[in-house]
Amino acid sequence: MHKIIFLFVFVLSLISCSNQSKIMLQSPHGESTSELEITEQGISLSVVFKGDTLVRKTELILFEGESSLLSDVEIIEKNTSKINTTWQAINGKNKEVVNEYSLYDLRLSNGNGKTFSLEVRMYDAGFAYRFLFPEGFTDVTDSSRIYFSGDFNFWAYNGENHNVGPVKLSEYGNNIAGNPVTFKTEKGMYFAVHEAAIFDYAPFVLTNTGNNTFLLDQEMSAAGGNHTSWRAFILGETPGDLIESDLLVNLNEPCKIEDPSWIKPGRAMWDWRVWGYTAADGFQYGLNTVSHKRFIDFAAENNVQYLLIDADWYGPEFDDNSDPTSAREGVNIEECMAYAKDKGVGVILYLNDVGANKFGLERILKQFSEWGAAGVKYGFMKGSPKEKVLNTRRIVELCAKYKLMVNFHDNPIAPSGDRRTWPNLITKEFGHSQADAKRSYWPETIVTAPFVNMLAGPLDLCNGWFALNTAFTSNRPKVFAEIPGTVAAEVAKLIVVYGGCFVLPDAPEEYLKKDDLFDCIRNMPAHFDSYKVLDGEIGAFISVARSAGDEWFVGSLTNREGRELKLALDFLDADKKYQATFYEDADETHFQKNKEAYRVRENNIVDKHSIINVKLAPGGGNSIWIRPVDQ
């Protein structure tokens, strides 16, 4: 899984470096640089990308109790390395990940005789640092300040609401900006601030304090890890560069699962939103095994890998007496599992804190595994931010022990590249999920989330509705708020959004009513091989190309404005001809007035030199399935 290409290391011991007040740090090919400056007051770091100063300085401020850790500090040893490795991703945007950086490992001593380390990694399109502490450090607080070089526009994560932005730093007031935060500089560069490897402490908090400055605040008191999370800056010339970045996963440790071959990303049917749906043959879906078997049959016939059995299958989900090791009347889990196994379909089971805390998390996961479950959807985790971090880690590691994938819902802690270390953590509902959102999911939501939420990791946003005209009005469990969008866009979302498990929210019969459109989903791989942003503007539109062997899928989405895009297919092989099928909005399609109008165009021949015109209706989308012509 992990192949070292080369490693070059040299060590320089500096007995007293107080006279060396500035050190220049540089990425392997000089694309990004940082000036590390030491004064009597502390340490600061700048961030410069392709000659553009993005962060004038990050003033590092650490306290242990009331005592400053970075006053009168000096470097007593400096280790510098150049690393270039590749590793194979199990649940990633790309199958193979390159991890190339310059490492600066600085051992520090302060005026109180305390010694600890600062580790900085310089990537050509990224910058990250963290502190490492030996035994004996307690009540450490980070109160660093990030001084941006201009009054930048930014967008920020906003829980289960629309993301914040675009808004200027000067207009945001003294408010918290949820991680990740994505910035556009006055020179047209882009960068994002997040953290990597959130395992031991509460996620840090970013607060706008005026004068183009963010306060970075994090408490690291009591027992925990011996280092902070990585403070990470993802850098790019375009907003698409940020999405394509593998910085966060590269900052995490290699996979800790000895044999991860059982971890298989894919798509899932979902019973939750289909209860009460009546099919044309008179069958009515409910929370019962006969309905689950009908889902499984559809999944097996249509290249859908899983069935997600959601809340209430073991009793009312918030009832203290609902035991997740036994199913409610009408649900026979053993029979369902056996039927699914025979059909080659996996089953994912819902679980939340109420049942896990009363009946024992490990006991429940062991039972799920013995039944043959493929994974867990974990919801409504309670606790402080730090408790949620520790509980997430405990759940993921226990799930790995019992060979279960896990999908966290209901305001989980942010992804942080941790899927590299624990690839069974396949996805999170980290954002405004359209099927469960209590506020309308407007078209601008989906053309903002990839540039903000998805930078953190794989998302489960419940995309893929086909019966958009009745989603808000049907007798089955309806969505909380209207979904303004087009059915062609619903297909494109499954290409644009990167996730380890796509949960399809509609009834099988609704997909079959538009079988020619569903054929695009049917032909998608369980997991793509690559992720390439062809074009995009935050909050406006995005076009993405993803490979599946020698086939490609291209997805495009727009906000409330209709638009035409010209897309170059120069990613195709030069010596091949391809057949392209377009799944697109019709001329009369509109995200509010005519959601379900679409058309399919087949038998279009394209090659590496083709430039195609993509027309998107207001709030619409377009998907293209491209495969080699048989020769």
Side-chain angles (χ1 to χ4, degrees), residues 5-6 24-36 45-56 58 80-87 89 92-104 119-130 146 148-150 152-155 179-197 229-252 415-417 419-420 450-457 498 530-538 542 544-545 571:
I5 298 177
F6 72 81
M24 292 303 300
L25 313 179
Q26 183 172 287
S27 66
H29 302 285
E31 297 291 286
S32 67
T33 59
S34 176
E35 182 179 83
L36 185 151
L45 291 159
S46 63
V47 180
V48 179
F49 178 59
K50 294 184 180 291
D52 188 2
T53 300
L54 310 180
V55 176
R56 183 164 50 87
T58 296
T80 305
S81 314
K82 287 188 177 180
I83 311 294
N84 190 347
T85 68
T86 59
W87 54 278
K93 294 190 292 287
N94 300 292
K95 289 180 69 174
E96 186 172 85
V97 179
V98 175
N99 189 14
E100 183 180 12
Y101 59 93
S102 300
L103 172 64
Y104 297 85
E119 188 175 342
V120 183
R121 289 192 188 182
M122 300 295 302
Y123 290 80
D124 281 323
F127 168 84
Y129 70 90
R130 68 176 178 177
I146 305 172
F148 302 105
S149 61
F152 301 150
N153 272 319
F154 74 89
W155 296 258
N179 305 332
V181 187
T182 299
F183 297 86
K184 181 179 181 180
T185 75
E186 290 148 348
K187 294 182 180 179
M189 291 290 191
Y190 293 83
F191 69 100
V193 178
H194 193 38
E195 60 184 316
S229 60
W230 287 97
R231 287 77 170 98
F233 296 76
I234 307 171
L235 316 177
E237 294 184 84
T238 69
D241 290 342
L242 306 185
I243 300 175
E244 293 179 8
S245 172
D246 284 312
L247 177 68
L248 298 183
V249 287
N250 277 329
L251 291 170
N252 278 261
S416 61
R419 67 188 181 281
R420 179 187 182 187
F451 301 102
V452 182
N453 313 60
M454 204 169 74
L455 303 186
Y498 153 56
S530 65
Y531 195 105
K532 177 180 177 62
V533 180
L534 303 181
D535 200 1
E537 182 180 331
I538 304 174
I542 185 171
V544 168
F571 50 84

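In this chain, residues are counted from 1 in sequence order.
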Engineer: With side-chain contact (heavy atoms from CB on, under 4.5 Å) as the test, would you mind laying out the steps for Phe127 and Leu247 before giving the verdict?
Structural biologist: CA-CA 9 Å; Phe127 168 84; Leu247 177 68; over 6 Å; no
Engineer: When you measure from the side chain of Ser34 to the backbone N and O of Leu45, does any donor-acceptor pair fall under 3.5 Å?
Structural biologist: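 Side chain of Ser34 to backbone of Leu45, a donor-acceptor pair under 3.5 Å: no, none is there.
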Engineer: To the nearest 0.5 Å, what is the distance between CD on Glu237 and CG on Asp52?
Structural biologist: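 So the CD of Glu237 and the CG of Asp52 are separated by 10.0 Å.
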Engineer: Go through the steps to decide whether Ile234 and Tyr190 satisfy the test side-chain contact (heavy atoms from CB on, under 4.5 Å), and finish with yes or no.
Structural biologist: CA-CA 8 Å; Ile234 307 171; Tyr190 293 83; over 6 Å; no
Engineer: Taking Ser229 for the side chain and Glu195 for the main chain, is one N or O donor matched with an acceptor at less than 3.5 Å?
Structural biologist: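 No; judged by distance alone, with no hydrogens or angles, the pair does not exist.
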Engineer: Side chain of Tyr531, backbone of Gly92: donor and acceptor closer than 3.5 Å?
Structural biologist: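 Absent.
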Engineer: Just by modelled atom types, is the His29 backbone N or O under 3.5 Å from a matching donor or acceptor in the Asp124 side chain?
Structural biologist: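 Pair found, side chain donor or acceptor close to backbone of His29.
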Engineer: Carefully, step by step, assess Phe148 and Phe183 under the rule ring-ring contact (aromatic ring centres under 6.0 Å, His included).
Structural biologist: CA-CA 10 Å; Phe148 302 105; Phe183 297 86; 4.6 Å; yes
Engineer: Ignoring hydrogens, what is the shortest heavy-atom contact between Ala232 and Leu248? Give both atom names and the distance.
Structural biologist: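 Minimum heavy-atom contact is CB-CD2, 3.8 Å.
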Engineer: Would you check, one step at a time, whether the test side-chain contact (heavy atoms from CB on, under 4.5 Å) holds for Val544 with Tyr498?
Structural biologist: CA-CA 10 Å; Val544 168; Tyr498 153 56; over 6 Å; no
Engineer: If we ignore hydrogens and angles and just use 3.5 Å, is the side chain of Ser81 paired with the main-chain N or O of Ile83 as donor and acceptor?
Structural biologist: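 No, because the side chain of Ser81 does not come within donor-acceptor range (under 3.5 Å) of the backbone of Ile83.
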Engineer: Between the side chain of Asn179 and the main-chain N/O of Val193, is any donor-acceptor distance below 3.5 Å?
Structural biologist: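 It does not hold such a pair.
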Engineer: Check for a donor-acceptor pair, side chain of Ser27 on one end and backbone N or O of Ser32 on the other, with a separation under 3.5 Å.
Structural biologist: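 Side chain of Ser27 to backbone of Ser32: a pair is present.
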Engineer: List the steps, then state whether side-chain contact (heavy atoms from CB on, under 4.5 Å) holds for Val55 with Phe233.
Structural biologist: CA-CA 10 Å; Val55 176; Phe233 296 76; 3.8 Å; yes
Engineer: Determine whether a donor-acceptor pair (N or O, by modelled atom type, separation under 3.5 Å) exists between the side chain of Glu244 and the backbone of Val533.
Structural biologist: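 A pair under 3.5 Å: yes.
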Engineer: If you round to the nearest 0.5 Å, how far is NZ of Lys93 from OG of Ser245?
Structural biologist: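 Atom-to-atom, Ser245:OG and Lys93:NZ are 6.5 Å apart.
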Engineer: Using a distance-only test with no angle check, is there a side-chain donor-acceptor pair under 3.5 angstrom linking Trp230 and Asn252?
Structural biologist: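 No pair is found: no donor N or O on one side chain lies under 3.5 Å from an acceptor on the other.
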